[in-house]
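Quick note: residue numbers are just sequence positions, from 1. Please read all numbers here as calculations on a predicted model, not as lab measurements.
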Amino acid sequence: MPKPGGYRKAAVAVILGGLLAAGCATRPESGPAAATEVSGMKISSPAFQTGQPIPARYTCDGEDLSPALSWSGVPAGAKSLAMICEDPDAPMGTWVHWIVINILPAASGIPESGPLPAGAVEVKNSFGKTAYGGPCPPGGTHRYFFRLYALDTERLDTLTLANYRTQLQPHILAQAEWMGTYRRNR
């Protein structure tokens, strides 16, 4: 026979465990290296599988081309899309490799090395360039997240490298991500 209150403690543990598991499942950055989708939106690249190494041609050790990206499942209420590529493993904090905003929701991707969809605009990245800057980690293996955001606003004309998180956050309807890794061979 269980001790008094034993059933109640077990029930609380089960409920808390379920809540924690559910909370982790909804946060893309907390899950395994896999394509993440929210509300059915997906992003992918034919250049590399999610969680796998990014080919050198898309890095500073190669041609530094932007990889082809495609997406689907953009929610009907989206008025624009934004795409961010960032490296959270950079020694000085998150390094932003690419920011593209004001993408029309009817667009379905960006081909290798561009051009961008009509109306889309690149924003200055951590390299100080208004263009894609490929992986170029100073040491070790880094992760590069290509995140697509469906937004409830048509334009983000005041978005900058310094404010992109706060500018995007209130407008996000859905997001998806594709992650690749890179380690320099030196």
Check: Pro67 and Phe48 side chains under 4.5 Å, non-hydrogen atoms
yes

For Ser108, give me all partners under side chain to side chain donor-acceptor pair (under 3.5 Å), at least two apart in sequence or on another chain.
none

Checking side-chain polar atoms at under 3.5 Å, does Thr181 have a donor or acceptor matched by the opposite partner on Gln52?
no

Basic-acidic side-chain contact under 4.0 Å: Glu154, Lys79
no

Would you please say whether a donor-acceptor pair under 3.5 Å links the side chains of Glu63 and Tyr58?
no

In terms of side-chain heavy atoms, does Asn163 have a donor or acceptor partner in Thr166 at a distance below 3.5 Å?
no

Note, His97 side chain near Ser126 side chain (heavy atom, < 4.5 Å):
no

Looking at Lys129, I'd like to know if its NZ atom is crowded, meaning that more than 12 non-hydrogen atoms belonging to other residues, nucleotides or ligands lie closer than 6.0 Å.
yes

Are any non-hydrogen side-chain atoms of Val74 and Leu81 less than 4.5 angstrom apart?
yes

Please determine, by modelled atom types, if Asp61 and Tyr182 share a side-chain donor-acceptor pair under 3.5 angstrom.
yes

Flag the pair Ile110 / Pro117 as yes when at least one side-chain heavy-atom distance between them is below 4.5 Å, and no otherwise.
yes

Heavy-atom side-chain contact between Gln49 and Ser44 under 4.5 Å
no

Would you say that more than 12 heavy atoms from the other residues, nucleotides or ligands in this model lie under 6.0 Å from the CD of Glu112, or not?
yes

Modelled atom types, side-chain donor and acceptor of Asp87 and His142, under 3.5 Å:
yes

Taking the side chain as everything from C-beta on, heavy atoms only, tell me whether Leu148 gets closer than 4.5 Å to Met41.
yes

Straight-line distance of Ile99 CD1 to Leu161 CG, nearest 0.5 Å:
5.5 Å

Are the charged groups of Glu177 and Lys42 less than 4.0 angstrom apart, N to O?
no

Result for side-chain hydrogen bond (donor to acceptor under 3.5 Å, both in side chains) between Glu86 and one of Tyr164, Trp98, Tyr144 points to Tyr164

Phe145 side chain reached by Thr94 side chain, heavy atoms, under 4.5 Å:
no

Are the side chains of Ile101 and Ile84 in contact, using a 4.5 Å heavy-atom criterion?
no

Taking the ring centre of each residue, are Tyr149 and His171 less than 6.0 Å apart?
no

